[in-house]
Amino acid sequence: MSDPQLAPASRPPLMVYFSGQRALVTGAGIGIGRESAALLARSGAAVVAVSRSAEDLFSLSRETGCEGVAADLGTVEGARRAAEAAGPVDLLVNNAGIALLEPFLDATPEAFDQTMNVNVRAALIVAQVVARGMIERGKPGAIVNVSSQSSSVGLPLHAAYCASKGALDQLTRVMAIELGPHGIRVNAVNPTVTLTPMGQRAWGDPARSAPMLSRIPLGRFAQPSEVAQAVAYLLSGGAAMINGVTLPVDGGFLTS
Ligand code: NAP
């Protein structure tokens with residue numbers, strides 16, 4: 001019999017329900033964002049998915065009924081317009097992120113700026129538009145920022161990425177404090193290496209993945225569906241009193 005700890009179901013049963021709610025998921029073309037958008041749609045939400053690649057959005061829409069908005073969140077205008085195009089939103093997942101790997105001594109200002117623009121600034125701009133709408137409509141809401149274990153540990157080649165995720169955790173805390181009085185909860189999930197195209201690019205080489213794996217007590221990397229489940233939980237009424245947390249989804253990495 002297979003061990004459920006080592007072989008998680010790729011599509012676990014639904015635990016959350018979002019009927020009548022509208023969700024916006026950024027970076028939803030592939031990976032964790034796509035998995036989150038699909039889970040929210042299966043759970044009853046009307047989902048708007050943002051990504052640059054129109055092809056990915058088209059296939060997501062065909063498979064799940066999500067509405068696609070093609071936009072580059074790396075620009076101020078792109079981020080603002082994408083958030084406005086989504087209309088009134090109850091649930092936001094700031095998931096879009098990039099990892100441009102460079103040794104620290106060769107790290108370029110261009111890659112640093114690009115990383116901060118997508119991983120942090122876009123989350124700020126999109127959440128401002130969404131939260132202003134919630135406040136104007138007098139409606140509560142929930143926001144989840146997809147951060148990383150790398151917000152609290154240093155990883156080689158990840159200078160800009162680690163800095164961006166540390167910033168995203170701090171942005172989450174400030175948003176939780178300022179938006180909480182309006183009934184808007186803001187939390188982050190902090191996954192370990194997750195088996196998406198980004199995860200494969202950064203950790204596909206066994207020489208790099210082995211030392212990382214050895215620090216994860218569960219002995220494996222995360223599946224995108226497992227991160228999506230944590231995102232959905234934090235968005236749900238089950239997490240009604242949870243605000244301002246940075247939730248590790250890391251098999252125990254941070255405790256080891
Ligand atoms: P991924 O497989 O590379 O997917 C990222 C998604 O974001 C894609 O759909 C991409 O589509 C979109 N995106 C990237 N730049 C964008 C931009 N400027 N404007 C709009 N959309 C953009 O990444 P992932 O592994 O699913 O990562 C999702 C999130 O989880 C990121 O924030 C990442 O930092 C975080 N995370 C990942 C891991 C991991 O190991 N995979 C671990 C911890 C945290 P286009 O390129 O078509 O736009």
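Ligands are counted one by one from 1 in listed order, and the atoms in each one are counted from 1 as well. Every value quoted in this text rests on a predicted model; they were computed, and no experiment measured them.
- Remark: side-chain polar atoms of Asp250 are not paired, donor with acceptor, to backbone N or O of Pro191 under 3.5 angstrom.
- Here CD1 of Ile98 is found 10.5 Å from CG of Leu73. Values are rounded to the nearest 0.5 Å.
- Separating the OG atom in Ser36 from the CZ atom in Arg34 is a distance of 12.0 Å, to the nearest 0.5 Å.
- Under the 4.5 Å side-chain contact rule for hydrophobic residues, Val126 and Leu91 do not share a cluster.
- For the residue pair Asn145 / Thr172, a side-chain donor-acceptor distance below 3.5 Å is found, with atom types taken as modelled.
- For Arg80 (side chain) and Val129 (main-chain N/O), no donor-acceptor pair under 3.5 Å exists by modelled atom type.
- Pocket lining of ligand 1, defined as residues with a non-hydrogen atom under 4.0 Å away: Gly27, Gly29, Ile30, Gly31, Ile32, Ser51, Arg52, Ser53, Ala71, Asp72, Leu73, Gly74, Asn95, Ala96, Gly97, Ile98, Val118, Val146, Ser147, Ser148, Tyr161, Lys165, Pro191, Thr192, Val193, Thr194, Thr196, Pro197, Met198, Gly199, Arg201.
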